[in-house]
Amino acid sequence: MATFQSLPGFREFYPEDFSRRKHIFDLWRRTAHVFGFAEYDAPVLEPLELYKAKSGDEIEGQLFSFTDKGGREVALRPEMTPTVCRLVGAKANALKRPIKWFSIAEFYRYERMQKGRDRAFRQLNVDIFGEPGPEAEIELIAFLVQSFCAFGLTEQDFYVRLSDRNLWFYYLEALGLDESRIRAMLVAVDKHEKYGDDAFKAYQEQFGALDPDLKAKVLAFLQIKTFAALELTFATLNSDKLVARLADWKKLLGGLDAMGLTRFIEVDLGVVRGLAYYTGFVFEAFDRKGELRALAGGGRYDDLVEKLGGPALPAVGFAIGDVTTALLLEQRGLAPAFVSAPDVYCVIGGEAGRKAAFADVQALRAAGRRVDYPMKEVAFGKQFKLAADSGARLALIYGDDELAKGVVKIRDLSDRTEHEVARADVQAVVRDFFTTRS
RNA sequence: GCGGUCAUAGCUCAGUUGGUUAGAGCACUAGAUUGUGAAUCUAGGGGUCGCGGGUUCGAGUCCCGUUGGCCGCCCCA
């Protein structure tokens, strides 16, 4: 047993694991590319203040934070949003709108590990800045859906729950609640799916007994699953804000429907996303079986850039985690098999053969072909087995017989046919083989 | 931070009421096999039984502590 082990919650990526991770990142990048998002990166270590400013002091308990040798309070980044707000805020006036950016980066949270949650994990972060209307949400939710579909997942596998903190505010306001009551009620709404009526406990402790009529209206609001039901609920309430907000909903749902994405979307006002900085539409993606933690989450945060010292700049974004995504792909049999096969494997019969082979190996590799060979003297029979096991398409055979004739024997490892070519023609023959069959 | 549960080879595991030198399969390496592919046979490497302490003539086995994994709670940006 090794004397040292990795720290809890930090994964090590052996080649098989790495190739699975790379597959996820490759498809995330491809999706970002087709949606026209630009990639950025930023420091792993940030001033602790950056996170306190956004989320309050209590956040520190969940951070990898420490004092550096210069006496600075610092933290490993737990998320990208404050950082990207700073980046965009600093150059906001020079950037073309809308600003469509993404990153794939590692984050750190000092938390107890559980299935689907490590202390170090990677996320795809996607944000649009400078677009106040629901057009930005359409673009982002379409991106979110496509970034799962790209793996071969369908509406059978995942869905996106769509909600709106503004709608809750306007609705509860119209029912007569003040801002502190509204915030407490949203906490209760957030917990209601899990705890049922116990979710209202904290609200009642703070504001006294809950009016049965109010409770009934809140519960009814939670049941809403369609736009039509939304309209019906508001028909009796006289609120300009609600009317305007419904127009945003209509635009958002209409846009997603025009893209053919309705089958992935569920209106679900039970999603309010814990922390307070979201200012409008919020959404979360889940697996359909409900076995995993949230796959992705996001929403609008129009005040955050300004709060962190930049200009007022509307923003909406989401993040997908690599851990739950990998678990979902695994469950659905969509994780790729580990493939690390050369194109060509050389079978070498002695020192003279090795020298001849090396000349071709180097030239083939320089031409971009992936070539492998046994580093030590190995019996011929075993070399053919190695060639087959390697997954190569071709074996090049450099034995005494071939050398004497000035040829190389080329074996097609899939159909087991062989033919000889002149040493001088090997490069061209190999090149032709792969250009006509790939 | 709290609770439950587990820990024997790279992996999956066996190991009798506590008893000699801790085992198997898979994987890996080598040989049979200097000229042709999923086989077979043979051999080999690999373990401070997670770590530390205790009980005992004797501990992989029993007790305590600790570290780590898994599950749940809190939290989830």
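Just so it is clear, the structure is predicted and the values come from calculations on it, not from any experiment. Basis for what follows: all heavy atoms, side chains included, without hydrogens, waters or symmetry-related copies.
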Tell me what A:K191 touches on the nucleic acid: a base, only sugar-phosphate, or nothing, going by heavy atoms under 4.0 Å. sugar-phosphate
For A:E111, the salt bridge (charged side-chain N to carboxylate O under 4.0 Å, His left out) test, sequence neighbours excluded, returns A:R117
With a 4.0 Å cut-off, would you call A:K405 and A:E420 a salt bridge? yes
Decide whether A:D287 and A:Y159 meet the rule of one side-chain donor and one side-chain acceptor closer than 3.5 Å. no
Whole angstroms only, please: what is the CG-C1' distance between A:D127 and B:A77? 13 Å
Which of these, A:F158, A:F286, A:F264, A:F318, sits in a ring-ring contact (aromatic ring centres under 6.0 Å, His included) with A:F148? A:F158
NA contact type, A:E402, heavy-atom cut-off 4.0 Å: base, sugar-phosphate, or nothing? base
Counting side-chain heavy atoms from CB outward, which of B:C75, B:A38, B:U34 is closest to A:R416? B:A38
Could you check whether any side-chain N or O of A:R109 sits under 3.5 Å from a backbone N or O of A:P78, counting only pairs where one atom can act as donor and the other as acceptor? yes
With sugar-phosphate taken as primed atoms, P, OP1 and OP2 and all else as base, the protein-contact string of nucleotides 65-73 of chain B at under 4.0 Å (heavy atoms; B, S, -) is ---SSSS-B
Categorize A:G399 for me: base, sugar-phosphate, or nothing, with a 4.0 angstrom heavy-atom threshold over every strand shown. base
Is it the case that more than 12 heavy atoms not belonging to A:Y110 sit under 6.0 Å from its OH atom? no
Backbone of A:A392 reached by a side-chain donor or acceptor of A:S390 within 3.5 Å: yes
Output yes when A:R300 and A:D127 qualify as a salt bridge under the 4.0 Å nitrogen-oxygen rule, no when they do not. no
Atom CZ of A:R293 and atom C1' of B:C76: how far apart are they, to the nearest Å? 6 Å
Can the positive tip of A:R77 be found less than 6.0 Å from the middle of the six-membered ring of A:Y108, inside 45° of the ring normal? no
Distance in angstrom units between A:Y14 OH and B:G10 P, rounded: 11 Å
Let me see the working for A:T83 and A:E46 under side-chain hydrogen bond (donor to acceptor under 3.5 Å, both in side chains), right down to the final yes or no. CA-CA 8 Å; A:T83 301; A:E46 291 278 16; 3.0 Å; yes
Between B:U36 and A:Q383, counting only base atoms on the nucleotide and side-chain atoms on the residue, is there a donor-acceptor pair under 3.5 Å? no
In dot-bracket form, how is RNA chain B paired, counting a Watson-Crick or G-U wobble pair only if both its distances are under 3.5 Å and using | for bases paired to another strand? (((((((..((((.....[...)))).(((((.......))))).....(((((..]....))))))))))))....
Residue A:E79, side-chain atoms from C-beta onward, closest of B:A77, B:C75, B:U36: B:A77
What nucleotide, of B:U36, B:G35, B:A39, holds the atom closest to the side chain of A:K385? B:A39
With the side chain defined as heavy atoms from C-beta on, A:R411 is closest, among B:G35, B:G37, B:A77, to B:G37
Answer yes or no for this row: A:F384 ring on B:G37 base, centroids under 5.5 Å, planes under 30°. no
For A:Y301 and B:A77, give me the distance from atom OH to atom C1', rounded to whole Å. 11 Å
May I ask you to verify whether the side chain of A:R273 and the base of B:A77 hold a donor-acceptor pair under 3.5 Å? no
Which nucleotide sits closest to the side chain of A:D400: B:A77, B:A38, B:G35? B:G35
When all nucleic acid strands are considered with a 4.0 Å heavy-atom cut-off, which category describes A:L386: base, sugar-phosphate, or nothing? nothing
